[in-house]
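Please read the structure below before turning to the comments.
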Amino acid sequence: MSRIGALQIRDAVLDPGSFRSWDGPPLPVATSDTYREELADAAAATGLDESVLTGEGTVYGRRVAVVACEFDFLAGSIGVAAAERIAAAVARATAERLPLVASPSSGGTRMQEGTVAFLQMVKIAAAVELHKRAHLPYLVYLRHPTTGGVFASWGSQGHVTAAEPGALIGFLGPRVYRHLYGEEFPEGVQTAENLHRHGVIDGVVPLEFLRSTLDRTLTVIADRPEPAPHAAPAEAARTDVPAWESVTASRRPDRPGVAYLLRHGTTERVLLSGTGRHSTTLLALARFGGQPAVVVGQQRVVGGLVGPAALREARRGMALAAGLRLPLVLVIDTAGPALSTEAEQGGLAGEIARCLAELVTLDTPTVSVLLGQGSGGPALAMVPADRVLAAQHGWLAPLPPEGASAIVFRDTDHAPELAAQQGIRSADLLRDGIVDAIVAEHPDAADEPQEFTARLSASIAVELHRLREAPDGDRLTHRLARYRRIGLPS
């Protein structure tokens, strides 16, 4: 496939005429006449003085820093001069508090410089990490091809990572593999599309859509929230709904889930990490009523019990929210944990524990939404937020009522009785201080999906705005005190 050059990617992303180069003359690193000739030939062929260009420009008026590789300059390889240019640009972006857009296209380490060049990835990775620790966005667009140490360092450190369609992306280049092992690397593994399916990257984006995708992403992670959303008068939810009625309603296949909420209740949506219709966890960036957030949602899919990988995805969302200082919205809708050999050996219990511990101590505003079923550890792991909303038919229980009945009565016939006894419905959760507000259903979200979603989205927006206004230290103190009090005598 044809390759996208560094100048082409620069001009596709930035506002016309906005680019300003940060590059000075490259360091003189050539130690042989042959290498000097190779550098001269590469410069003549590309019009560039090294394998990478850096600078700044604007994206729809926002200042951003840019680092882009040129593969036609010695296969985009990174040696001392290129690495120093990248590290200096990242440090400058950090000092000027600019979002950084990086676009590698490289075979990796420059072989002409050997091990010294190999070690350059350390300082680039360090500079990127310090940029991220300053809570500044680092966005990556991988181009064909990206392999080796570049992919294994700054190519894989993005808050958000997309790739060019059809791009060869992998750690070990296929030519190296062929010569080392005497066979071809399995076809279709090292492709952008395959990595997206496996959640290694967040998306596959054609060049013509890259600028608009970047704009949506920056709108969520870099632009200021809009003014306080209008708080509509809260509608009173029915409190006399039997628990079993809510359990039944929550299981309707046409009940709106997190994907519907994102599609109809948010703007500037950017789906992340290969999430799709068959994934049990959806991760996204979005705005609710102008309030930006990272969204982690459980999806009710066929066979969609939650396993360790889904919880690791949830933890990635928590880390992303904390790293970018964005609020986190968690949407709970799960029939329970995956009960399998793979789940046990994959550390399901440990992932639940880490989710629970990280969420309750997270240093960013958090809103949990009990949208439907809230069964077992995977639901509990996403509950302990600053504010907890529940759909009227949302419920929360240690097990599905049938499981509780099996333990207590050795049958499933008593499930409705135990659902009532255990206090799992939204009205009971509100009484017990587990839920802060109930979003009404008239009489069932599945019968009025757009109206219900509009009410829920507006409620989330109001909570996000209120939480952003609260001091960070107070928010965490109140959250911890809240979960310390639950169940204690008043």
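- A donor-acceptor pair is defined here as one N or O able to donate and one able to accept, closer than 3.5 Å; no such pair exists between the side chain of Thr366 and the backbone of Leu328.
- Side-chain contact annotation: Thr267 with Arg287, donor-acceptor N/O pair under 3.5 Å absent.
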Next on the checklist: As a quick check of understanding, evaluate side-chain contact (heavy atoms from CB on, under 4.5 Å) for Leu456 and Leu371, giving each step before the final call.
Outcome noted: CA-CA 9 Å; Leu456 178 57; Leu371 185 57; 3.7 Å; yes

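- The distance from the OG1 atom of Thr109 to the CD atom of Gln120 is 9.0 Å, given to the nearest 0.5 Å.
- Checking side-chain atoms of Ser105 against main-chain N and O of Cys69 turns up no donor-acceptor pair under 3.5 Å.
- In this structure, Asp386 does not pair ionically with Arg482, as no charged nitrogen and carboxylate oxygen lie closer than 4.0 Å.
- One finds the CG atom of Leu53 at 6.5 Å from the CZ atom of Arg10 (value rounded to the nearest 0.5 Å).
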Next on the checklist: Checking Ile352 against Val306 for the side-chain contact (heavy atoms from CB on, under 4.5 Å) test, could you report, in this order, the C-alpha distance in whole Å, the side-chain angles of both residues, the deciding distance, and whether it holds?
Outcome noted: CA-CA 10 Å; Ile352 292 173; Val306 176; over 6 Å; no

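- A salt bridge links Arg312 with Glu351: at least one charged nitrogen is closer than 4.0 Å to a carboxylate oxygen.
- Considering only heavy atoms from C-beta on, Gln373 stays 4.5 Å or farther from Leu396 through its side chain.
- Each of Ile4, Val66, Leu14, Val101 was evaluated against Ile9; a single residue qualifies, Ile4, per the side-chain contact (heavy atoms from CB on, under 4.5 Å) test.
- Leu330 has its side chain out of reach of Val369: every pair of non-hydrogen atoms, C-beta onward, lies at least 4.5 Å apart.
- Although no hydrogens or angles enter the test, the distance criterion places a donor-acceptor pair under 3.5 Å between the side chain of Arg479 and the main chain of Val360.
- Panel note: side chain His131, backbone Pro137; a donor-acceptor pair is recorded below 3.5 Å.
- Of the charged side-chain nitrogens involved, at least one lies within less than 4.0 Å of a carboxylate oxygen, so that Glu96 and Arg92 count as a salt-bridged pair.
- Ion pairing between a basic and an acidic side chain is recognised when a charged N comes within 4.0 Å of a carboxylate O; Asp223 and Arg216 show no such pairing.
- Ion pairing between Arg316 and Asp202 holds under the 4.0 Å rule for side-chain N and carboxylate O.
- Under the 4.5 Å side-chain criterion, counting only non-hydrogen atoms from C-beta, Trp154 is not in contact with Val140.
- Salt bridge Arg110/Glu50: present, at least one basic N to carboxylate O contact under 4.0 Å.
- With contacts defined as side-chain heavy-atom distances shorter than 4.5 Å, the pair Leu282/Leu271 qualifies.
- Other residues, nucleotides and ligands contribute over 12 non-hydrogen atoms within 6.0 Å of the OH atom of Tyr260.
- A distance-only check finds no donor-acceptor pair linking the side chain of His159 to the backbone of Leu139 [under 3.5 Å].
- Environment of OH in Tyr35: crowded, with over 12 heavy atoms of neighbouring residues, nucleotides or ligands closer than 6.0 Å.
- Looking only at side-chain heavy atoms (C-beta outward), Gln298 and Pro378 come within less than 4.5 Å of each other.
- A cation-pi geometry, defined here as NZ or CZ lying under 6.0 Å from the six-membered ring centre and within 45° of its normal, does not hold between Arg3 and Phe71.
- Side-chain contact check for Ile460 versus Leu261: some heavy-atom pair is nearer than 4.5 Å.
- Side-chain atoms of Glu226 and Gln291 include no donor-acceptor pair closer than 3.5 Å.
- Here the side chain of Gln157 pairs a donor or acceptor atom with the backbone of Ala125 at under 3.5 angstrom.
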Next on the checklist: For Arg269 and Leu262: C-alpha separation, side-chain torsions, deciding distance, then whether side-chain contact (heavy atoms from CB on, under 4.5 Å) applies.
Outcome noted: CA-CA 7 Å; Arg269 294 171 298 279; Leu262 281 169; 4.0 Å; yes

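- Side-chain N or O atoms of Glu70 include none that pairs as donor or acceptor with a backbone N or O of Ser51 at under 3.5 Å.
- Proximity of a side-chain donor or acceptor of Thr334 to a complementary backbone N or O of Gly336 within less than 3.5 Å is detected.
- One finds a salt bridge joining Glu184 and Arg178 here, because a Lys/Arg side-chain nitrogen approaches an Asp/Glu carboxylate oxygen to under 4.0 Å.
- A salt bridge links Arg211 with Asp15: the distance from a Lys NZ or Arg NE/NH1/NH2 to an Asp or Glu carboxylate oxygen falls below 4.0 Å.
- Counting non-hydrogen atoms of other residues, nucleotides and ligands closer than 6.0 Å to CZ of Phe209 gives a total of 12 or fewer.
- When all heavy atoms of Ala470 and Arg475 are compared, the closest pair comes out as O-NH1, 3.3 Å.
- Side chains of Phe171 and Thr147 form no contact here, defined as non-hydrogen atoms less than 4.5 Å apart.
- Screening Val331, Leu467, Val388 against Val367 for a side-chain contact (heavy atoms from CB on, under 4.5 Å) leaves a single residue, Leu467.
- Residue Glu208 qualifies as enclosed at atom CD: its count of foreign heavy atoms under 6.0 Å is above 12.
- Using a distance-only test at 3.5 Å, with no hydrogens or angles considered, no donor-acceptor pair links the side chain of Ser18 to the main chain of Gly57.
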Checklist entry - Should Arg85 and Thr54 be marked as a side-chain hydrogen bond (donor to acceptor under 3.5 Å, both in side chains) after you check the CA-CA gap, both sets of side-chain angles, and the distance that decides it? => result CA-CA 7 Å; Arg85 179 172 284 182; Thr54 73; 5.4 Å; no

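- Taking 4.0 Å as the cut-off between side-chain N and carboxylate O, Arg387 and Glu463 count as a salt-bridged pair.
- No more than 12 heavy-atom neighbours from other residues, nucleotides or ligands sit within 6.0 angstrom of CZ on Arg325.
- No side-chain donor from either of Thr46 and Asp72 sits under 3.5 Å from a side-chain acceptor of the other.
- In this structure, OG1 in Thr281 is found 12.5 Å from CZ in Arg315, a value given to the nearest 0.5 Å.
- In this structure, Leu7 and Leu48 have side chains that are in contact, with non-hydrogen atoms separated by less than 4.5 Å.
- Side-chain atoms of His144 come within 3.5 Å of backbone atoms of Leu168 as a donor-acceptor pair (strictly under, hydrogens ignored).
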Next on the checklist: As a quick check of understanding, evaluate side-chain contact (heavy atoms from CB on, under 4.5 Å) for Val294 and Val329, giving each step before the final call.
Outcome noted: CA-CA 6 Å; Val294 175; Val329 174; over 6 Å; no

